[in-house]
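Accompanying notes for the structure given below.
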Amino acid sequence: MSTADALVKQPPRPAVRADRPAVDAPRCDPLRIAARFSPLLGLAVSIGLVWWGWQAGVLRSLENLQAFIDGLGAWGPIAFLMVSIASVIFPVIPGGLLVVAGPVLFGPLEGTLYNYLAVCSGSFVNFAIGRQVGLGLIERMFSPKAVVKALGWTRSPHFTRVFATAIALPVAPDDLLCYLTGTTRMRWRTYLLIILTCKPWSLIAYGLGVSALLVKFVPW
């Protein structure tokens, strides 16, 4: 059989689906492993802190908790902001817990302001990472199904409206969307405007709402 006949008889290669990652990440990818197990680590740390707080008496009452935070001085808000920003960029601790914790620890107004500063700052970093690094890193940090679903939103001709609506809602996957938006043609100015104007509504609805229920029903 000639080389030409062999080439003709070779079966055609299957077409690559548009919703599949361009390069399959290796199974032993350290970043993928860290992203998969970091929520469990964050949950374990959170449980450990709650146990310590209960044993130390800090969580025995709301007054004790707020007195402990006041005793930290300026380091209390600084630590909260740093941890909250980090949780937006790399979700070791579920961001929803910190959004609820803000008003409980610092009061409704101050806590919501800290949440706003932290979430906006982290969202800006996510957009910058997506713009500079591209889709490859994002596919390693998040599950393929979540990335494929969110990519479908970015391909919508009305993505700017979709993104603004998602940011205003308290249940949307904001972190992933912010990363992926950095890979689109959305301009920095548009992105900043959406984050700064739409994010307060989700923080008020979720942070203040859930924290108010927590304070009301937790037997402190």
Side-chain angles (χ1 to χ4, degrees), residues 18-23 25 29 31-32 34-35 38-39 42 77-100 102 109-208:
D19 59 349
R20 290 186 59 187
V23 179
D29 183 357
L31 181 59
R32 183 177 290 273
S38 60
I78 291 173
F80 179 80
L81 285 172
M82 293 299 101
V83 173
S84 297
I85 293 173
S87 71
V88 175
I89 300 171
F90 195 80
V92 176
I93 299 176
L97 295 178
L98 295 172
V99 171
V100 174
L109 182 60
E110 190 175 353
T112 302
L113 177 61
Y114 292 152
N115 282 335
Y116 179 67
L117 293 175
V119 172
C120 288
S121 299
S123 299
F124 299 157
V125 174
N126 289 355
F127 184 85
I129 292 175
R131 178 132 301 180
Q132 296 298 323
V133 180
L135 191 59
L137 177 65
I138 302 171
E139 291 173 341
R140 295 167 62 193
M141 292 177 60
F142 296 91
S143 69
K145 291 183 179 180
V147 172
V148 168
K149 182 178 180 180
L151 279 175
W153 296 353
T154 64
R155 293 165 184 162
S156 169
H158 307 292
F159 174 63
T160 300
R161 297 179 186 175
V162 172
F163 179 68
T165 302
I167 293 300
L169 295 175
V171 294
D174 293 357
D175 301 341
L176 174 57
L177 269 181
C178 290
Y179 275 112
L180 290 177
T181 304
T183 67
T184 68
R185 296 182 178 179
M186 183 179 292
R187 294 180 295 179
W188 263 105
R189 181 175 61 185
T190 303
Y191 179 82
L192 294 176
L193 181 63
I194 290 175
I195 293 295
L196 293 174
T197 58
C198 296
K199 180 51 67 177
W201 305 108
S202 62
L203 294 177
I204 291 172
Y206 183 79
L208 287 180

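Just so you know, residue 1 is the first one in the sequence shown, and it goes up from there. Since this is a predicted model, take the numbers as computed values, not measurements.
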Applying side-chain hydrogen bond (donor to acceptor under 3.5 Å, both in side chains), which residue pairs with at least one partner in residues 115-136 are found, sequence neighbours left out?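 Those involving residues 115-136 are Asn126-Tyr179.
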Grab the two heavy atoms, one from [X] and one from [Y], that are nearest each other, plus how far apart they are.
| X | Y | value |
| --- | --- | --- |
| Ser87 | Asp175 | O-OD2, 4.1 Å |
| Leu177 | Ala150 | CD2-CB, 4.3 Å |
| Leu196 | Cys120 | CD2-SG, 4.1 Å |
| Val162 | Ser156 | CG2-OG, 4.4 Å |

Which value, rounded to the nearest 0.5 Å, describes the distance between [X] atom [atom1] and [Y] atom [atom2]?
| X | Y | atom1 | atom2 | result |
| --- | --- | --- | --- | --- |
| Ile129 | Cys178 | CD1 | SG | 11.0 Å |
| Thr181 | Ile195 | OG1 | CD1 | 7.5 Å |
| Trp153 | Thr165 | CH2 | OG1 | 10.5 Å |

Within a 6.0 Å radius of atom CH2 on Trp201, are there more than 12 heavy atoms belonging to other residues, nucleotides or ligands?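 Open: at most 12 neighbouring heavy atoms sit under 6.0 Å from CH2 of Trp201.
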For residues 176-202, which residue pairs pass the salt bridge (Lys or Arg N to Asp or Glu O under 4.0 Å) check, not counting sequence neighbours?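 Matches after skipping sequence neighbours: Asp174-Lys199.
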Begin with the C-alpha distance, continue with both residues' side-chain angles, and end with the deciding distance and a verdict on side chain to side chain contact (heavy atoms under 4.5 Å, CB included) for Leu203 and Val119. CA-CA 9 Å; Leu203 294 177; Val119 172; 4.2 Å; yes
Suppose we screen for side-chain contact (heavy atoms from CB on, under 4.5 Å). Which residues come up paired with [X], at least two apart in sequence or across chains?
| X | value |
| --- | --- |
| Ile194 | Thr160, Phe163, Ala164, Ile167, Met186, Thr190, Cys198 |
| Arg161 | His158 |
| Ala79 | none |
| Ser84 | Phe80, Leu98, Ala118 |

Are Ile85 and Val125 close enough, and set up right, to give a side chain to side chain contact (heavy atoms under 4.5 Å, CB included), and what steps lead you there? CA-CA 9 Å; Ile85 293 173; Val125 174; 5.5 Å; no
What orientation do Phe127 and Trp188 show, parallel under 30°, tilted 30 to 60°, or perpendicular over 60°?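 Perpendicular.
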Given side chains that start at C-beta, do those of Leu135 and Leu180 come closer than 4.5 Å, heavy atoms only?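 Side-chain contact under 4.5 Å: yes.
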